[in-house]
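See below for the structure under consideration.
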Amino acid sequence: MTPEQFQQAVLNWFDRHGRKDLPWQQDINPYRVWVSEIMLQQTQVAAVIPYFERFMASFPALEHLAAAPLDDVLAHWSGLGYYARARNLHKCAQKVVSDHCGEFPRDIEALAGLPGIGRSTAGAIASISMGLKGPILDGNVKRVLARLHAVDGWPGQAAVAKKLWQLAETYTPQSCDKNGRGNHYTQAMMDLGATLCTRTRPRCDECPLADSCIARTQGNPQDYPGRKPRKEKPVRTTTMLLLEHDGEIFLQQRPPSGIWGGLWCPPQLEEDDGGEASAQEWLAVRDLSAQQVQGLPQLRHTFTHFHLDIAPVWVQLAKIPAQVAESGGGWYKLRQLNRPRAAQELGLPAPIAKLAKQLLALQAPLLAESPAP
DNA sequence: AAGGCGGGGAT
DNA sequence: ATCCCAGCCTT
C-alpha cells in the first residue's frame, strides 16, 4: 500500500465516519489546537471536553493565558491530572509571548522545543492548524501502525518507537495545505484509533485499512502493540515449620512492623526453600526428634512487589518439647483454626489459613484411625 | 532506558 | 485488581 493509497483510504473514511464536531475542531487556530492537544495527553476525549470549554471561556486566546496567574490556570486544570501539563502550558504561553511575538513558531522543531510540547504534539499542532507536514505518534496512531505492519514489541522500546515513527513519517501527507488535507489526515488517524482500531475488540470489519493490515490477516490484532513488560517480581523463599502435636500446631506472633505485622505464623526459615532437609537441620540443632517429617507442596503467595514461595514442612512431634513450649507463641487446634472466621479473628495471613486447612485434611484421617482417649 | 505524573474508564 | 489512555520531562 503506497502512502497515497493509504492517505486516500483514511481520508475517505474520515469524510464518512470521522468526528468533526469536537469543540477543538471548531474555530481552529494554533492556540485552541495546542490547548486541546495538551489536555488530551493521556486523557480521554470525554473527560477533556468540559475542561476545554471552561478553559476557552476564561482564556480565549494566548495573551489571556500568558497574563493569567498560574494559580488561576491550575484551578482550571483541577481534576484533569498530570498538573505539570498546566504549569508547562502557562510557561509555554509566556514563552511564546516573550520569544515569538505571541505567535507559535511555524516549525516542528521549534514547537517541540517549547515547554510541554513533544514531537507528537508538535506534529499535531503543525498539521491541524498550520498546514505543515506534521507526523504524529500518539497511542492511537501507534496502535493503527503497529497492527498494519505487525510491528512487534513494546513502543516504549527505542527500536520499536523508531520503527513506528518511521512509518508515521512515511504515511503522513507531504503537503498539508488545502489540497493535501493534512489536518484531516491527522484527525482521521486519531479517530481511527479511538473508534475502530481500539485496544480490545477492534472493529476490523469497518476499517478502511483491513485489507492491508497484517495483524488482521494474522488474526491477532489484539496482540499489537506489544504490552509493556511487567516488571519481574522477585521471588523470596521460605520454609515454614508446621510443628504439630495431637491436632495442634505452633504459631508465633510476628513483629508489629513488616510483612504480616502482628499476625500469627508458624516458625519460619527466611530465604530458605530447603523444605524437609532444612526442617531436619532445624530440629537437629535443637536436639529435637520428630515422629515424622514430611514436606508439603510448595505454596506461592504474591505481594505487591514480590512473590513468596513457601515450602511447608509437616513435623509431627510425639510430645511438646520444652524448648518450643517456652519460645513465645502458642499451640492452636487445627480444627479451631479452620472454623469460619477464625483466621480473621486470630489474625492469620491468608496463606497460613490455607496451610492450616491442608494440614487438617492430612491429619484428620490419622486422628480418626486412633481416636483420642 | 526507566520512572514519575493522575484521574478515569474498560475489562 | 490491572491495564491503558490524543505524552512529556527528568534522571
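Values reported hereafter were calculated over all heavy atoms of this structure, with side chains retained and with hydrogens, waters and symmetry mates removed. Naming convention: chains lettered A, B, ... in sequence-line order (proteins, then strands); numbering from 1 in each chain.
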Rounded to whole angstroms, how far apart are NZ on A:K142 and P on C:dC8? 9 Å
A:R54 to A:Y51 six-membered ring, cation-pi geometry met (6.0 Å, 45°): yes
Can you identify which nucleotide, out of B:dT11, C:dG7, B:dG6, has its nearest atom closest to the A:Q41 side chain? C:dG7
What contact category does A:G79 fall into here, base, sugar-phosphate, or nothing, at under 4.0 angstrom with non-hydrogen atoms? sugar-phosphate
Touch check for A:W154, heavy atoms < 4.0 angstrom, all strands: base, sugar-phosphate only, or nothing? nothing
For a quick check of understanding: with a heavy-atom distance under 4.0 Å over all strands, which category does A:L114 fall into, base, sugar-phosphate or nothing? sugar-phosphate
From CD1 of A:I38 over to C1' of B:dG7, roughly how many Å is that when rounded to an integer? 17 Å
Given C:dC5, is OP1 or OP2 found less than 4.0 Å from the side-chain N or O atoms of A:R143? yes
Return yes if a side-chain donor-acceptor contact under 3.5 Å exists between A:T121 and A:E37, otherwise no. no
Pick base, sugar-phosphate or nothing for A:L80, based on heavy-atom distances below 4.0 Å to the nucleic acid. base
How do A:A159 and A:R201 order along DNA chain B: which one's closest nucleotide is nearer the 5' end? A:A159
Have a look at A:T121 and say if it touches a base, only the backbone sugar-phosphate, or nothing, with a 4.0 Å heavy-atom cut-off. sugar-phosphate
For A:Y224, run the side chain to side chain donor-acceptor pair (under 3.5 Å) check against A:Q218, A:R143, A:R147 and tell me which one passes. A:Q218
Whole-Å P distance, C:dC8 and B:dG9: 23 Å
Between B:dA10 and A:T200, is there an OP1 or OP2 to side-chain N/O distance shorter than 4.0 Å? no
A:K91 atom NZ is separated from C:dC8 atom C1', nearest whole Å, by 12 Å
Side-chain donor-acceptor contact under 3.5 Å, A:R254 with A:Q268: yes
Can A:K20 be said to sit on top of A:F14's aromatic six-ring, NZ or CZ under 6.0 Å from centre and within 45° of the ring axis? yes
Do A:Y82 and A:L74 share a hydrophobic cluster, counting only Ile, Leu, Val, Met, Phe, Trp and Tyr and linking them when any side-chain heavy atoms are less than 4.5 Å apart? no
Length of the line joining A:E37:CD and C:dC5:P, which is rounded to integer Å: 16 Å
C:dT11 and B:dG6: how far apart are their P atoms, nearest whole angstrom? 15 Å
Provide, to the nearest angstrom, the distance between the NZ atom belonging to A:K228 and the P atom belonging to C:dC5. 11 Å
Using whole Å, what does the distance between atom P of nucleotide B:dT11 and atom CD of A:Q44 come to? 11 Å
Can you tell me if A:Q42 touches the phosphate of C:dG7, counting only side-chain N or O atoms and a distance under 4.0 Å to OP1 or OP2? yes
When the distance from CZ of A:R199 to P of C:dT2 is rounded to whole Å, what number comes out? 15 Å
Whether A:R227 contacts C:dC4 is assessed here as follows: a side-chain N or O lying under 4.0 Å from the phosphate OP1 or OP2. Is that the case? yes
Nearest-nucleotide wise, let me know which of A:I117 and A:M190 is further upstream toward the 5' end of DNA chain C. A:M190
Interatomic distance where OH belongs to A:Y83 and C1' belongs to B:dG7 [whole Å]: 7 Å
Give A:A158 one of three labels, base, sugar-phosphate or nothing, depending on what nucleic acid heavy atoms sit under 4.0 Å from its own. sugar-phosphate
